[in-house]
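Everything numeric here is computed off the predicted structure, so don't read it as measured data. Below, chain A is the first sequence line, B the second, and so on; all start at residue 1. Worth knowing before you read on, the calculation uses all heavy atoms, side chains too, and leaves out hydrogens, waters and symmetry mates.
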Amino acid sequence: MDHLIGLKEDFVRCLAECFGLQTDTSEILINETRREFAGDFTFVLFTYVKQLKKSPAELGTIAGDWLIKNSSIVDACEVVQGFLNVTMSDAFWLRTLNAISSEPSFGESPATGKKVMVEFASPNTNKPLHLGHIRNILLGWSCARILEANGYQVITTQVINDRGIAICKSMLAWQKFGNGATPASTGIKGDHLVGDYYVLFEQTFREEYEAWQRTKEGIAVWDKSKKAGQEKEDFFKEYKNTYFNDYSRIGGEARQMLLDWEAGKPEVTALWKQMNSWVYEGFDQTYTHLGVHFDCAYYESETYLLGKKAIEKGLDQGIFYRLEDGSVWVNLEDAGMDRKILLRSDGTSVYMTQDIGTAQKRYADYGIDRMVYTVADEQDYHFKVLFEILRRLGEPYAAGLHHLSYGMVELPTGRMKSREGTVVDADDLIAEVIAEASSIAEERGEIAALPAAEQKNILRQIGLGALKFFMIRIQPRKRMIFDPKESVDMQGQTGPYVQNAYVRIQSVIRKSGGEATGDHSEYSGVEDMEKVLIRQLMQFPSVVREAGDNYDPSAIANFAYVLARDYHRFYHDVRILNAPDTNARNFRITLSGEVGKVLKKSFYLLGIEMPDRM
RNA sequence: GGUUCCGUAGCUCAGCUGGAUAGAGCAACAGAUUUCUAAUCUGUGGGUCACAGGUUCGAAUCCUGUCGGGAUCACCA
């Protein structure tokens with residue numbers, strides 16, 4: 001609920017009685033008064049100057065006098081440069097805090113009865129997860145939690161690209177060089193083991209290719225196909241794919257394996273299942289470390305043929321058209337897009353076809369109203385096209401489709417490149433931030449007395465808190481420069497800083513001698529820092545709503561940081577347990593408790609845990 | 001080239017449904033702990049909000065254009 005509704009109502013009455021102006025509370029805009037002026041909330045008077053034909057000063061004086069006389073919650077008013085600053089009564093602050101604390105689901109919206117599916121992660125099964133996946137996973141997961149808080153029933157899902165030439169490369173290299181190595185026999189996490197063989201394949205291929213470049217055949221190709229003035233190195237860089245497809249021995253074997261897989265050859269299928277299962281075990285570990293889980297998964301090996309039926313339907317409806325060579329297209333030029341192929345001339349489907357089919361299957365499986373795709377912004381156009389096609393097909397969920405697009409993650413040295421070995425591995429990074437948290441905790445010694453398991457859990461929460469907050473506080477659409485050094489910072493605008501505010505609150509509550517909040521109805525002289533905190537708490541519901549409307553977790557992260565910062569200041573300036581009287585003490589403990597709850601809830605929405613001590 | 005996203009302090013980012021003198025953190029320097037956890041707090045310095053027009057009482061915010069950067073424009077995924 002809107003805790004300023006009372007003030008808005010008073011102002012509406014004020015406008016009506018003083019100036020004969022009929023408005024509605026929904027039209028009243030209230031800002032927080034800037035720190036340098038006296039007052040708590042501010043009305044901007046310029047809005048009314050024109051229609052009431054009075055100067056801002058005149059308007060403010062009349063309205064201010066009226067409010068002081070007639071509003072039970074306004075204590076004082078001051079007009080400064082066209083702004084009417086009102087100071088609220090102590091009763092207003094007490095009542096607001098009580099209202100917040102008596103609302104268990106403060107910040108959440110009532111159930112909408114609608115279902116939304118949120119897709120994120122979307123890994124390939126030939127490599128372990130990396131930094132880019134972490135951003136994706138954090139965004140998707142947080143978005144899911146935020147939509148839930150906005151009243152949706154949420155289903156999390158991932159698309160797993162478990163087929164294609166890439167996994168065949170890993171399989172082939174394992175077959176040739178693996179000597180039966182398994183995660184168990186080597187002690188290597190499954191996704192890393194499979195990734196190692198992918199790398200080994202690429203290495204072998206590269207050596208083969210380089211050797212070939214010096215053979216008669218290679219030299220002949222260079223002589224025949226080079227472009228004028230082209231360097232040999234550049235030529236062979238460009239020629240790589242052709243070589244892979246037309247000449248490479250090991251490339252040929254990998255392609256054969258893909259054909260065998262598609263034909264369902266038992267040995268190949270068995271190997272494929274085996275290696276993928278290792279990968280999934282590895283992924284699951286990483287997901288668990290990151291604190292996320294999926295309600296279901298869609299495997300490309302099962303969905304890659306879907307969508308053809310939709311193409312038939314679209315053809316019947318005249319939405320798509322077939323060329324003479326048999327390929328099927330859609331023309332979206334009237335919507336500012338272009339022509340897109342949906343079925344190749346040989347009748348096989350493309351990525352788009354599969355996405356159409358998968359969307360339909362998801363609807364069939366769950367009857368969802370909305371769908372969110374967490375995918376990097378390099379695929380903006382793809383989703384624009386996909387959504388337009390689904391809309392034209394008349395899919396019932398078409399209006400609820402959303403691409404949660406985010407900028408790519410780059411290192412200070414530029415984009416991550418696997419060939420240059422600059423890819424930041426997800427598991428390594430997680431281990432690193434936890435190690436950093438451990439070394440700082442050791443210096444501090446604050447949790448040294450706790451049981452080892454508990455310490456370990458806290459260090460995990462802090463390390464991950466640092467990493468996650470570092471990534472999620474940046475707006476999704478912005479491209480992100482990820483400096484590993486900064487990601488382990490635990491001071492300033494960081495996850496541990498917010499956690500620390502929460503920990504301080506828990507410590508206060510523990511020492512306050514019980515959970516009973518005690519009476520503070522006689523409290524008077526509400527401190528500035530207390531008002532600041534309550535004002536900030538009041539914003540929580542709208543922050544959650546807007547974060548949901550905009551698919552923007554960073555709004556919550558920034559809100560939580562500001563709340564934590566204000567609490568740290570309050571904690572520093574105001575005595576809580578040694579307050580001058582019991583009303584003040586009880587009020588401050590209650591306030592602290594509410595700040596703690598909102599911080600914890602905010603972090604929950606971000607997928608970050610709160611330790612009780614640190 | 002078309003489309004699209006981004007451009008705010010040395011660095012990383014907030015602020016953008018138009019409102020007061022544009023804010024944080026990091027880094028630098030100077031301080032604060034007999035007192036509730038110093039992963040904290042306070043202070044100092046640091047800005048042509050890329051640029052130019054326009055709309056407005058008022059523009060970092062909205063509109064147009066320019067410049068710079070990213071992404072994308074395959075019978076690839």
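One finds a side-chain N or O of A:Lys511 lying less than 4.0 angstrom from the OP1 or OP2 phosphate oxygen of B:U37. Within the 4.0 Å cut-off from OP1 or OP2 of B:C41, at least one side-chain nitrogen or oxygen of A:Tyr497 is found. Contact annotation: A:Arg569 side-chain N/O to B:U42 OP1/OP2 distance is under 4.0 Å. A close approach under 4.0 Å does not occur between any side-chain nitrogen or oxygen of A:Arg479 and OP1 or OP2 of B:G7.
Nucleotide B:U61 has no partner under the Watson-Crick or G-U criteria, as no pair reaches both atom distances under 3.5 Å. Using Watson-Crick or G-U wobble geometry with both donor-acceptor distances under 3.5 Å, B:U3 finds its partner in B:A71. Across every strand in view, B:G46 sits unpaired, with no contact that passes the Watson-Crick or G-U test at under 3.5 angstrom. Across the strands present, B:G18 finds no partner; the criterion is a Watson-Crick or G-U wobble pair with both atom distances under 3.5 angstrom. Across all strands shown, nothing is found opposite B:U35 as a Watson-Crick or G-U wobble partner with both distances under 3.5 Å.
The environment of A:Glu442 atom CD is sparse: at most 12 non-hydrogen atoms of other residues, nucleotides or ligands sit within 6.0 angstrom.
The residue among A:Ser507 and A:Ser345 whose nearest nucleotide of RNA chain B is located toward the 5' end is A:Ser507. Place A:Pro496 and A:Trp329 on RNA chain B by their nearest nucleotides, and A:Pro496 ends up nearer the 5' end.
A salt bridge links A:Arg163 with A:Glu262: the closest approach of a Lys/Arg side-chain nitrogen to an acidic carboxylate oxygen falls below 4.0 angstrom. At a threshold of 4.0 Å, the pair A:Arg588-A:Glu530 counts as salt-bridged, since one of the basic side-chain nitrogens sits closer than that to a carboxylate oxygen. Salt-bridge check for A:Glu32 with A:Arg535: passed, with a basic side-chain N closer than 4.0 Å to an acidic carboxylate O.
At a threshold of 4.0 angstrom between heavy atoms, the contacts of A:Val498 with the nucleic acid are absent. A:Gln491 comes within contact range of the sugar-phosphate backbone alone, with a heavy-atom separation under 4.0 Å but no base atom that close. When heavy atoms are screened at a 4.0 angstrom cut-off, A:Val503 is found touching base atoms of the nucleic acid. A:Asn161 comes within 4.0 angstrom of the backbone, heavy atoms only, and of no base. Contacts of A:Arg35 with the nucleic acid, taken as non-hydrogen atoms under 4.0 Å apart, are absent. A:Ile462 comes within 4.0 angstrom of a base, heavy atoms only. When heavy atoms are screened at a 4.0 angstrom cut-off, A:Ile481 is found touching the sugar-phosphate backbone but no base atom. Counting non-hydrogen atoms under 4.0 angstrom, A:Tyr561 reaches the backbone sugars and phosphates but no base. Among the heavy atoms of the strands lying under 4.0 Å from A:Asp338 are primed sugar atoms or P, OP1, OP2 only; no base atom is included.
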Atom pairs under 3.5 Å, N or O on each side, protein against nucleotides 28-34 of chain B: can you list them with distances?
none

Which protein N or O atoms sit under 3.5 Å from an N or O of nucleotides 14-20 of chain B?
{"from": "B:A14", "atom 1": "OP1", "to": "A:Gln475", "atom 2": "N", "distance (Å)": "2.8"}
{"from": "B:A14", "atom 1": "OP2", "to": "A:Lys478", "atom 2": "NZ", "distance (Å)": "3.0"}
{"from": "B:G15", "atom 1": "OP2", "to": "A:Gln475", "atom 2": "NE2", "distance (Å)": "2.6"}
{"from": "B:A20", "atom 1": "OP2", "to": "A:Arg34", "atom 2": "NH1", "distance (Å)": "3.2"}
{"from": "B:A20", "atom 1": "N6", "to": "A:Thr42", "atom 2": "OG1", "distance (Å)": "2.8"}
{"from": "B:A20", "atom 1": "N6", "to": "A:Asn85", "atom 2": "OD1", "distance (Å)": "3.0"}
{"from": "B:A20", "atom 1": "N1", "to": "A:Asn85", "atom 2": "OD1", "distance (Å)": "3.4"}
{"from": "B:A20", "atom 1": "N1", "to": "A:Asn85", "atom 2": "ND2", "distance (Å)": "3.3"}

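The separation between A:Leu342 atom CG and B:A77 atom P is 12 Å, rounded to whole Å. Look at CZ on A:Phe469: it is 14 Å from P on B:C13, rounded to the nearest Å. Taking atom CD1 of A:Ile458 as the reference point, atom C1' of B:U37 lies 12 Å away to the nearest angstrom. Atom CD1 in A:Ile576 sits roughly 12 Å away from atom C1' in B:U37 (whole-Å rounding).
Only the P atoms considered, B:A24 is 25 Å distant from B:C6, to the nearest whole Å. Rounded to whole Å, the separation between the C1' atoms of B:U37 and B:G23 comes to 28 Å. Remark: the separation of the C1' atoms in B:A27 and B:U66 is 34 Å, to the nearest Å. B:A50 and B:C11: their P atoms are spaced 14 Å apart (whole Å). Nucleotides B:A60 and B:G18 place their P atoms 14 Å apart, quoted to the nearest Å. Atom name P, nucleotides B:C5 and B:G65: the rounded distance is 13 Å, in whole Å.
With ring centers used as reference points, A:Phe470 lies under 6.0 Å from A:Phe482.
There is a side-chain donor-acceptor pair under 3.5 Å between A:Asn161 and A:Asn124. A:Arg504 and A:His568 share a side-chain donor-acceptor pair at under 3.5 Å. Between the side chains of A:Ser405 and A:Asp380, a donor-acceptor pair is found at a separation under 3.5 Å.
For the pair A:Lys531 and A:Phe587, the NZ or CZ position fails the cation-pi test of under 6.0 Å to the six-membered ring centre and within 45 degrees of the ring normal.
Note that CD1 of A:Ile356 is 13.0 Å distant from NZ of A:Lys308, once rounded to the nearest 0.5 Å.
Partners of A:Asn126 according to the side-chain hydrogen bond (donor to acceptor under 3.5 Å, both in side chains) rule, which considers only residues two or more places apart in sequence or in another chain, do not exist here.
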